[in-house]
Amino acid sequence: MNLESKIEAILLFKNEPVSLATLSNLLGTPRKDLQLAIFNLQRQYENRGIVIVSDEENLCLGTNTELSKLIETIQKEELQRELGRAGLETLSIVLYKGPVSRREIDFIRGVNSGFILRNLLIRGLVERAESRVGERSFSYKPTLELLRHLGIQKREDLPEFGIALQKIESFIQNPLDDANE
Amino acid sequence: MNLESKIEAILLFKNEPVSLATLSNLLGTPRKDLQLAIFNLQRQYENRGIVIVSDEENLCLGTNTELSKLIETIQKEELQRELGRAGLETLSIVLYKGPVSRREIDFIRGVNSGFILRNLLIRGLVERAESRVGERSFSYKPTLELLRHLGIQKREDLPEFGIALQKIESFIQNPLDDANE
Amino acid sequence: MVVSGYAVKTSVFEGPLDLLLDLIEKRKLFVNDISLSAVTEDFIKFVEEHEEFPIGQSAEFIVVASTLMLIKSRSLLPNLTLTEEETASIDDLEHRLKLYQKTKELSIKLRELFGKNIIFEKSANRKEVVVFSPDSKTDIENISSAIMRVLETLPKKEFLPKTIIKKIISLEEMIEKLAERISKGVKMKFSDVYRKEDKISVIVGFLAMLELVKRGALRVSQDVKHGEIKMETDKIGTPNYV
């Protein structure tokens, strides 16, 4: 793979501005070669939906400004979309059990909740909690705005809080007495 | 901006796989035109650092497999690479035959696959498909995440894809009595 | 002796098809009714020695065992007539096994691919702008019914499906019926020779008897040209498997 392809892949993966210094380090390539490759890349991406945004030191992928209307629409649409069954279920788990790790949520629901959690995050309904000791993945908890929006002051005010929490916890601790397999 | 550019920008902007339905909605373009544009895009991205992973309905951007070792050095999260035999068998059926019902999977494997399927769902490697007409139970299909983990851009790139599917198809056409469930 | 050594390595099997395939592949045979017939004793012996299977699974093992016995009986007694249902279950087993074999083959290829050359997607963006945006259903009532749904769908213990229970019962019936049909054919009484209380020993004994019937028939047809076809009962003692 040529240098241009490598840079392009790193930019996509990182999803944030990357410095020339970092690239040079990762690829073992002198800055001068990088600069040339970036120049080439920028020409390749001329008049395309994706552009390479750069200053003297940093670069990242971005969308063409000609499409900013379209992107705004998407952004709005994302925030206005109905949460749906899966969204509400995930949100309810975070409310009743939070702080709760991504793994626990997945385990309780029996499906992967990655995209749903991300959506709840950018909609300000849940937020990352301080990781609990020994946990590798993030934990999630409801935001204060959400509690306020629901008209409750604390989680304990949720309907049937005690029973629901207890059921969830006992499932996490002892998922199946005799799983079939 | 042409359709290809718009699609590429949306894919970059969204942090999750985008469905043809969403694209069609956002761009007011019929699916057929989208499919053609996607085909063109995939050709434009041949032998580049960025690739387009897709199934019949969803697509997302990813990094070229030739650069996977490079990206792994940047990646900080631990990768889960191990899948047990039962998981691999179930995945093969879902990959080569999906959408496929739980009953069909159990029938081919000769054992209850509920537990394994749940694990694969949690890991985001398979997902529930829209039920086929007249089906009472769920069907399962591979996710783009699974394709990405196998390093393939579309299902058709699987080894023996056409032949293997045919074999399994011919069985599904004469399904057994009421086996289980 | 009738039944040669049961050379089954006690590895963990993913159910009856996995075991069956392993037995056939160990003998380097193709999947067909001949090879299925050949591994029947090994299969049943294995089930006998591993009674600690979870109940759901042992039911599956017994269903397969019953079909194997049908195949064995048919191969040893060509003029034994099987019902349509019996023939169908034989065809199905053969077909399933071929499918399973293919699946295993594909899964080995998948193992070689999985996680080796990953196509990575964008990392999560840590600086996304957060705008508080609940939807129309973000209220206590909907949250409360959502958590109830979550609790309801937590996985529960699964019970043995009724259809399988039915099949176990019919296995015992089938053994008896088959024994009767064959006993008539060879003018001997199966029930005289074997203890009925131990199901597995009945099955194994039954198969051994079939094997002897076959051998006997072969010898008779070679030695006595116009003579009466008759079993020599003193050769049918209880074989010592156990």
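Below, chain A is the first sequence line, B the second, and so on; all start at residue 1.
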Worksheet item: Counting heavy-atom pairs under 4.5 Å to chain A, which of B:R128, B:Q75, B:E145 comes out on top?
Response: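 Most heavy-atom pairs within the cutoff with chain A belong to B:Q75.
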Atom [atom1] of [X]: over 12 foreign heavy atoms under 6.0 Å:
| X | atom1 | result |
| --- | --- | --- |
| A:K76 | NZ | no |
| B:K32 | NZ | no |
| B:E156 | CD | yes |

Worksheet entry | Among the listed options A:N2, A:N119, A:D106, A:I105, the residue most often paired with chain B at heavy-atom distances under 4.5 Å | A:D106
Practice prompt. Pull out the residues in residues 10-26 of chain B that come under 4.5 Å of chain A, heavy atom to heavy atom, sorted by number.
Written response: B:I10, B:L12, B:F13, B:K14, B:N15, B:E16, B:P17, B:L26
Worksheet item: Taking only heavy atoms into account, what residues of residues 37-61 of chain B are found under 4.5 Å from chain A?
Response: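 Heavy-atom contacts from residues 37-61 of chain B to chain A are B:Q44, B:Y45, B:N47, B:R48, B:G49, B:I50, B:L61.
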Worksheet item: Relative to chain A, which segment of B:L117 carries a heavy atom at a distance below 4.5 Å: side chain, backbone, both, or neither?
Response: neither
Worksheet item: Applying the side-chain contact (heavy atoms from CB on, under 4.5 Å) test to B:K6, which of A:L70, A:N64, A:T63 qualifies?
Response: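 Among A:L70, A:N64, A:T63, the one that satisfies the side-chain contact (heavy atoms from CB on, under 4.5 Å) with B:K6 is A:L70.
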Below 4.5 Å from any heavy atom of chain B, which atoms of [X] appear? Answer side chain, backbone, both or neither.
| X | result |
| --- | --- |
| A:E77 | side chain |
| A:L3 | neither |
| A:I7 | neither |

Discussion item. Determine whether a donor-acceptor pair (N or O, by modelled atom type, separation under 3.5 Å) exists between the side chain of A:N112 and the backbone of B:L121.
Written reply: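 No: the side chain of A:N112 does not pair with the backbone of B:L121.
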